Amino acid sequence: MSALPPLRQRRRRVWLAAWLLCGAAGAETVGSVDTAFKLIGPDHKVMVEVFDDPKVGGVSCYLSRAKTGGVKGALGLAEDTADASVACRQVGPIRFGAKLPQQEEVFSERASIFFKHVRVVRMVDVKRNALVYLVYSDRLIDGSPKNSVTAVAVPASTPVPLR
């Protein structure tokens, strides 16, 4: 029996689950470059991050995107621009843990305090046995036409398993 009251135990479990989910969904920062000096707060930057495809072992995606600095950026109130680029590469033997859907979101991160996200979607090109990754930015009302695409060729000896 635990010494913590039941309510505190539940809160602790909820915070632990939220922390684990946020860590799993996020990307690791590889580096950044400053693009504009800000007297107060951090400079505007272009960040380079990497994340592994959660369902395809041996594939990592590198994402570059603008991060707004200044006071609003420091407080998390700024809206980042829709500029983003993605490059996914085979970094080890490609392994599939399960069958993949034809199209699936593999990464999402907030780009403003309200509604805007940077998203990466994986699509399967069955004819060419390739995985195609698209990065784009969305909004609740108005989507952004700015996007970038990359593809990872899967060896012919390893067909992509589809649902």
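In this text, all values refer to a predicted model and were calculated from it rather than measured experimentally. Computed from heavy atoms alone, side chains included, the values below leave out hydrogens, waters and symmetry copies.
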(request) Report whether Met123 and Val149 are members of the same hydrophobic cluster (ILVMFWY, side-chain heavy atoms less than 4.5 Å apart, transitive linking). (result)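 Yes; tracing contacts between hydrophobic side chains, which count when under 4.5 Å, links both residues.
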(message) When you compare the side chain of Val120 with that of Tyr136, does any pair of heavy atoms fall below 4.5 Å?
(response) no
(request) Give the intermediate values and the outcome of side chain to side chain contact (heavy atoms under 4.5 Å, CB included) for residues Gln102 and Leu162. (result) CA-CA 7 Å; Gln102 182 67 41; Leu162 277 180; 3.6 Å; yes
Contacts table for residues 126-135: side-chain donor-acceptor under 3.5 angstrom, sequence neighbours left out:
residue: Arg128; atom: NH1; partner: Asp125; partner atom: OD1; Å: 3.2
residue: Arg128; atom: NH1; partner: Asp125; partner atom: OD2; Å: 3.1
residue: Asn129; atom: OD1; partner: Val160; partner atom: N; Å: 3.1
residue: Asn129; atom: ND2; partner: Val154; partner atom: O; Å: 3.2
residue: Asn129; atom: ND2; partner: Pro155; partner atom: O; Å: 3.1
residue: Asn129; atom: ND2; partner: Thr158; partner atom: O; Å: 3.2
residue: Tyr133; atom: OH; partner: Asp53; partner atom: OD2; Å: 2.6

Please list every donor-acceptor pair under 3.5 Å in which a side-chain atom of residues 55-64 meets a protein atom from a residue at least two apart or in another chain.
residue: Lys55; atom: NZ; partner: Glu104; partner atom: OE2; Å: 2.7
residue: Ser60; atom: OG; partner: Asp52; partner atom: OD1; Å: 2.5

(request) For Leu100 and Arg122, run side chain to side chain contact (heavy atoms under 4.5 Å, CB included): C-alpha distance rounded to whole Å, both residues' side-chain angles, the deciding distance at 0.1 Å, then the answer. (result) CA-CA 10 Å; Leu100 301 178; Arg122 177 194 344 98; 3.8 Å; yes
(request) Check whether any side-chain N or O of Glu28 sits under 3.5 Å from a backbone N or O of Glu49 as a donor-acceptor pair, and report yes or no. (result)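 Not a single qualifying donor-acceptor pair exists.
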Please list, one pair per line, the donor and acceptor atoms closer than 3.5 Å that link side chains of residues 90-99 to other protein atoms, with sequence neighbours excluded.
residue: Gln90; atom: NE2; partner: Gly92; partner atom: O; Å: 3.1
residue: Arg95; atom: NH1; partner: Pro93; partner atom: O; Å: 3.0

